[in-house]
Amino acid sequence: MIPAVRALARAAMAARPVPLADVQARAGLRTPFDRSYLVPVEVFAAVAAELTDRRRPGRPFVALCINGRRWFCCRSVYYDTPDLRSFHAHRMGPRQRYTVRERLWEDTGERQLEIELTGRCGAPVMHRRPLLPGDAALGPAPRGFLASVLDRSFGIAAPGGLDRVLETDCTRATLAADGARLTCDAALRCRDAETGRTVRADGGLVLVRSRTAGRPGEADRLLDDCGIRAGEFTPYCGGLSALRPELPAHPSRRVIRTVFPAAG
């Protein structure tokens with residue numbers, strides 16, 4: 001088993017399992033602050049063990065559990081315009097940024113269209129629309145949903161020509177506590193929908209996305225104590241930069257080489 005997947009599974013098994021409704025109630029992230037970390041597996045294991053320790057004071061982190069499973073195969077398809085408007089917007093950092101993707105949870109069969117916006121102070125705002133089996137991710141109804149979200153949030157029209165650009169899959173577990181949520185990904189694989197080229201993440205890294213209801217939380221503090229600093233990395237921008245080296249790097253080439261060693 002890939003070391004990062006093993007560490008993620010152990011962390012999820014150590015925590016008390018709870019359903020999705022409980023995770024959502026605990027986290028309470030209406031306007032979350034978002035930080036991303038590239039965490040070596042040894043550090044992740046130590047930090048997760050402390051956060052999920054049922055003997056620790058207060059309420060330890062719990063693990064999302066659906067149908068008896070605590071980690072899941074998460075597949076995503078990212079959509080962009082032919083000129084990669086979304087990719088370049090994230091690289092340049094304007095306020096009105098958004099990501100359009102389709103999520104598929106292979107273990108449960110759940111599909112949904114997700115539109116992630118960058119809100120005030122850089123806080124992420126998520127809009128989701130369920131997709132039924134056989135639904136086109138960007139059929140007429142989902143396109144109408146996208147247009148409504150962008151008009152209501154930013155006062156802009158939905159872009160034309162959206163198409164598949166990047167496909168990703170990973171093993172994911174979610175840990176949560178009062179006012180905090182950790183999305184933990186291992187074995188990330190990215191595939192260029194245009195060329196079919198694939199890159200795989202370092203099996204010794206766990207990609208951790210920390211969302212808190214305000215200032216940095218306990219997980220952020222523990223990672224900082226271990227010398228792990230928050231950085232700028234997303235599967236879409238990082239994966240596409242690794243697969244298409246002719247594009248301006250986002251994030252830095254150093255970060256890309258750390259996550260995807262085979263990408264050079």
Test salt bridge (charged side-chain N to carboxylate O under 4.0 Å, His left out) applied to R59 and D53, D22, D178, the passing residue: D178
Shared hydrophobic cluster for F145 and V125 (ILVMFWY, side-chain gaps under 4.5 Å): yes
Salt-bridge present (R172, E106; N to O < 4.0 Å): no
ILVMFWY cluster, F72 and V18 together (side-chain gap under 4.5 Å): yes
Worked check of salt bridge (Lys or Arg N to Asp or Glu O under 4.0 Å) between E116 and R211: CA-CA 14 Å; E116 183 172 344; R211 291 183 172 184; 3.4 Å; yes
Any P60 side-chain heavy atom under 4.5 Å of T52 side chain: no
Backbone N/O of P216 and side chain of T212: donor-acceptor pair under 3.5 Å: no
Connected via hydrophobic side-chain network under 4.5 Å: L20 and W105: yes
Transitive ILVMFWY side-chain link V208 to F233, under 4.5 Å: no
Residue pair R103 / S76, side-chain donor-acceptor N/O under 3.5 Å: yes
Check: D135 main-chain N/O paired with R111 side-chain donor or acceptor under 3.5 Å: yes
Pairwise distance CD(E50) to CG(L222) - rounded to 0.5 angstrom: 4.5 Å
NE2 on H127 to OG on S148, rounded to 0.5 Å: 9.0 Å
Same apolar cluster (I L V M F W Y, side chains within < 4.5 Å links), V47/V39: yes
Any Y78 side-chain heavy atom under 4.5 Å of P235 side chain: yes
Criterion side chain to side chain contact (heavy atoms under 4.5 Å, CB included) on L182 and R209, from CA distance to verdict: CA-CA 6 Å; L182 298 178; R209 189 173 186 180; over 6 Å; no
Residue pairs fulfilling salt bridge (charged side-chain N to carboxylate O under 4.0 Å, His left out) with at least one residue in residues 141-165, sequence neighbours excluded: R164-E167
Heavy-atom check, side chain of Y37 versus side chain of R229, under 4.5 Å: no
Validation row: L38, V259 side chains within 4.5 angstrom (heavy atoms): yes
Side chain to side chain contact (heavy atoms under 4.5 Å, CB included) between F154 and L117, worked out: CA-CA 9 Å; F154 294 151; L117 311 177; 3.9 Å; yes
Residues, nucleotides or ligands: over 12 heavy atoms within 6.0 Å of R254 CZ: no
Close side-chain approach of D192 to R244, heavy-atom, < 4.5 Å: yes
N67 atom CG, neighbour heavy-atom count above 12 within 6.0 Å: no
Distance (rounded to the nearest 0.5 Å) between L146 CG and L113 CG: 7.0 Å
Derivation of the side chain to side chain contact (heavy atoms under 4.5 Å, CB included) call for R253 and I256: CA-CA 5 Å; R253 289 294 175 196; I256 292 170; 3.6 Å; yes
Spacing of OG belonging to S241 relative to CG belonging to L247, to within rounding of 0.5 Å: 6.5 Å
Main-chain N/O of C73 paired to D107 side chain as donor or acceptor, under 3.5 Å: yes
Side-chain heavy atoms of L188 within contact of F260, under 4.5 Å: yes
Considering all heavy atoms, the nearest G239-C190 contact: CA-SG, 3.9 Å
Nearest heavy-atom neighbours spanning M13 and R70: O-NH1, 3.1 Å
Side chain to side chain contact (heavy atoms under 4.5 Å, CB included) between R75 and R189, worked out: CA-CA 10 Å; R75 294 188 180 274; R189 182 181 68 95; 3.7 Å; yes
Flag side-chain contact, heavy atom, 4.5 Å: L240 against L84: yes
Derivation of the salt bridge (Lys or Arg N to Asp or Glu O under 4.0 Å) call for E114 and R129: CA-CA 7 Å; E114 295 185 347; R129 184 185 190 278; over 6 Å; no
Heavy-atom donor-acceptor pair, R54 side chain to A15 backbone, under 3.5 Å: yes
Non-hydrogen side-chain atoms of T118 and Y98 separated by less than 4.5 Å: no
Sole candidate of D80, T168, T99 that passes side-chain hydrogen bond (donor to acceptor under 3.5 Å, both in side chains) when paired with Y236: D80
